[in-house]
Visitor: 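Dropping a structure here in structure tokens format, bear with me for questions.
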Amino acid sequence: IAGGSAEHVGRAITAVSSALTRRLIGFVEEDSGPAPVPFAWIAAGSQARHEQSSHSDQDNGLIISDQMTAADEAWFRRLADFVCDGLDACGFIHCPGDAMAKNPQWRQPEKVWLEYFKKWINTPEPMALMLSSIFFDIRVIHGDKSLLKNIRSEISTLAKNNQLFLGHMTANALQHRTPLGFFRDFVLDDDDQHKDSLDLKHKGIVPIIDLARIYALAEGIDAVNTIERLEKAAGTASLSRDGAENLLDAYDFISRLRMEHQVEQIRRGEEADNYLPPKQLSRPERTHLKAAFKVVQTMQEAVSEATRIQAADTTLVVYRENRFCPQTSRLPEFYEDEIRRIPGVREIIPVKITVNNCGASLDVITFRGVPPVHLASYAPELQIIEGSYEAWRKRDDGALVGKQLAAKRGLRTGDTFEAVGVRVVVSGIIDSPLSGDNSVAFVHLPFLQQASRHGLGVVTQFNVRVETAEDLE
């Protein structure tokens, strides 16, 4: 589509696949008669989001009325086989992960689908999270839309109110990291097939899709398209308007580069892929791409900070207002006494977070104020690679600086630096397996309270550790 944006091209390709799906369903209905009970043919993934490309496979399923009997299965099995094989013959290949209506697991009555979603939300183990990333992006292509509407209305409330599920979804989404090194240089693929190239899909586009899904789940937004999700989430408790604008720009630019790359490959008679050698880009394009990746990286760090939950974790983060821009939250520190009275509470850590922005610009400096006696419990993964904990503990204005922040600012032990009106002395440099910790500075809670305009007695959040994971509910 000459002159079209990546969004328009995605919608056009999706319109073709959806029209093919409806026509194939029509062939079955003409040949075998109408369906024995109401059903909804659903698209999942990129087709549901109207974001298919020339390289897309198919993800789909069948939601069938609960009136279905065992005798009806043969009709729906024939429908699924014919449509999925027909789409494959037209270039929308079978899903490598078998997430298709051909698979009996995804050809089920409404009540079974509802139980699927409930299980994924209430028991977010790895496979459930992978399936959630597919089937939380669904829409009806043909059939009775009320079947999906009934499911969506129930799961929207369940997901929005389940912080453990959102935390696990966030951790799962953060597995797709942008290809930027410490000094904003590209980190290129080094495998033989795609050597010295960038995976624009999995390291650029997918992370934005994942972020948009998390924002939508957190806010109960029913939009499926990534752009619509970001637009509707803008200005909510989960996403600032500036952050949304930056993500939309990054999404548009990376998607356009990917589309132009695939068009050139097709023109040369090559198979389209997602791997772009940055040497093919102009200097302004490389600069823009680095800035786009940095936007995504910044927003990933923000949601990581807000949902520090791991498998089998027993920590609940109590905050107010913007969950993915936590420094806007202000809680009286005396709330600690009230929380401590709740059955099942084992430990409470008051935390203050100060950031110069919420992903609205690329130069993000984050201070986390924690009582020194609680640092080991709050962040047990930290390792001090320069300086010492003892030097930090003894100095009120001391800071333990993440290695990535230290590298970016050229900081060493003993250096002084200032940001957000907070001036600190580097007592140590830390390393952590949690990437978000490597971009922040840990300081004493009372010091950060006094350095901010809110003063003593005000914190951002309480990290509440409970006896068992069940107590999180």
Side-chain angles (χ1 to χ4, degrees), residues 44-46 48-49 51 59 97 99 117 120-121 123-138 155-156 158-160 162-180 199-221 223-230 232-234 236-240 243-244 246-248 250-251 254-255 274 292-313 317 322-326 358-359 364 432-439:
S46 60
R49 297 191 304 269
E51 294 166 8
D59 297 301
F117 281 103
W120 296 338
I121 293 171
T123 313
E125 44 85 25
M127 179 57 72
L129 295 170
M130 187 274 288
L131 293 172
S132 295
S133 69
I134 298 174
F135 288 109
F136 272 87
D137 297 355
I138 54 176
I155 64 173
S156 176
L158 286 175
K160 181 178 180 180
N162 192 318
Q163 296 303 308
L164 185 61
F165 171 70
L166 291 175
H168 280 281
M169 282 289 287
T170 300
N172 187 63
L174 294 180
Q175 294 180 28
H176 296 113
R177 289 290 186 175
T178 55
L180 285 181
D199 185 348
L200 294 180
K201 177 181 177 181
H202 295 100
K203 295 184 179 179
I205 296 172
V206 169
I208 300 175
I209 292 171
D210 289 341
L211 285 169
R213 183 184 302 111
I214 291 166
Y215 298 141
L217 289 170
E219 296 299 327
I221 295 170
V224 177
N225 176 262
T226 297
I227 292 176
E228 291 177 7
R229 280 173 165 172
L230 292 174
K232 289 188 176 183
T236 66
S238 295
L239 180 64
S240 69
N246 285 334
L247 281 173
L248 286 166
Y251 182 71
I254 299 172
S255 298
N274 301 301
F293 283 148
K294 183 58 181 176
V295 165
V296 180
Q297 187 181 76
T298 299
M299 301 307 291
Q300 286 182 320
E301 289 171 358
V303 297
S304 177
E305 172 65 35
T307 54
R308 290 166 57 90
I309 296 178
Q310 303 172 16
D313 198 356
V317 179
N322 193 330
R323 76 190 72 201
F324 297 135
C325 185
C358 275
V364 182
S432 171
L434 301 178
S435 61
D437 290 345
N438 293 320
S439 299

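Keep in mind it's a predicted model, so treat the numbers as computed, not measured.
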Visitor: State whether the side chain of T123 and the backbone N or O of W120 hold a donor-acceptor pair below 3.5 Å, judged by distance alone.
Guide: no
Visitor: Nearest 0.5 Å, what's the NZ-OG distance between K160 and S238?
Guide: 9.0 Å
Visitor: For a 4.5 angstrom cut-off between non-hydrogen side-chain atoms, does L230 reach I208?
Guide: yes
Visitor: For the CG atom of D210 and the OH atom of Y215, what is their distance to the nearest 0.5 Å?
Guide: 11.0 Å
Visitor: Looking only at heavy atoms, what is the nearest atom pair of P207 and H202, with distance?
Guide: CD-O, 3.5 Å
Visitor: Using the rule given for side chain to side chain contact (heavy atoms under 4.5 Å, CB included), can you reason through L200 versus K203, listing the C-alpha separation, both sets of side-chain angles and the distance that settles it, and then say yes or no?
Guide: CA-CA 6 Å; L200 294 180; K203 295 184 179 179; over 6 Å; no
Visitor: Just so I know, are the side chains of I138 and V224 near enough to count as touching, which here means a heavy-atom distance under 4.5 Å?
Guide: no
Visitor: How far apart are the C-alpha atoms of E51 and I209, what are their side-chain angles, what is the distance that settles it, and do they pass the side chain to side chain contact (heavy atoms under 4.5 Å, CB included) test?
Guide: CA-CA 10 Å; E51 294 166 8; I209 292 171; 3.8 Å; yes
Visitor: Quick one: does N225's side chain have a donor or acceptor within less than 3.5 Å of a partner on R49's backbone?
Guide: yes
Visitor: Quick one: pull up OG1 in T226 and CG in L211 and give me the separation to the nearest 0.5 Å.
Guide: 10.0 Å
Visitor: Would you please indicate if the ring centroids of Y251 and F293 are separated by under 6.0 Å?
Guide: no
Visitor: Hey, is the main chain of I221 close enough, under 3.5 Å, to the side chain of E219 for a donor-acceptor pair?
Guide: no
Visitor: Has the side chain of R229 got a donor or acceptor atom that lies under 3.5 Å from a matching backbone atom of A223?
Guide: yes
Visitor: Quick check, are the ring centers of F117 and F135 under 6.0 angstrom apart?
Guide: no
Visitor: Could you pull out the closest heavy-atom pair between M169 and I214, with the gap in Å?
Guide: O-CD1, 4.2 Å
Visitor: With side chain to side chain contact (heavy atoms under 4.5 Å, CB included) as the test, would you mind laying out the steps for L158 and F165 before giving the verdict?
Guide: CA-CA 9 Å; L158 286 175; F165 171 70; over 6 Å; no
Visitor: Indicate the atoms forming the closest heavy-atom contact of M299 with G243, along with that distance.
Guide: CE-CA, 4.2 Å
Visitor: Going by heavy atoms in the side chains, are I205 and S255 under 4.5 Å from each other?
Guide: yes
Visitor: Which value, rounded to the nearest 0.5 Å, describes the distance between K232 atom NZ and L239 atom CG?
Guide: 14.5 Å
Visitor: Report yes or no: does Q297 contribute a side-chain atom to a donor-acceptor pair with the main-chain N or O of A292 at less than 3.5 Å?
Guide: no
Visitor: What distance separates N246 CG from K294 NZ, expressed to the nearest 0.5 Å?
Guide: 12.5 Å
Visitor: Which pair of non-hydrogen atoms, one from A99 and one from I134, has the smallest distance, and what is that distance?
Guide: CB-CD1, 4.4 Å
Visitor: Name the residue from V206, T178, L180 that meets the side chain to side chain contact (heavy atoms under 4.5 Å, CB included) definition with V296.
Guide: T178
Visitor: Taking G45's backbone N and O only, do any of them form a donor-acceptor pair with D59's side chain (distance below 3.5 Å, no angle check)?
Guide: no
Visitor: Just so I know, are the side chains of L131 and F136 near enough to count as touching, which here means a heavy-atom distance under 4.5 Å?
Guide: no
Visitor: When rounded to the nearest 0.5 angstrom, what is the spacing between CG in L247 and CD1 in I227?
Guide: 11.5 Å
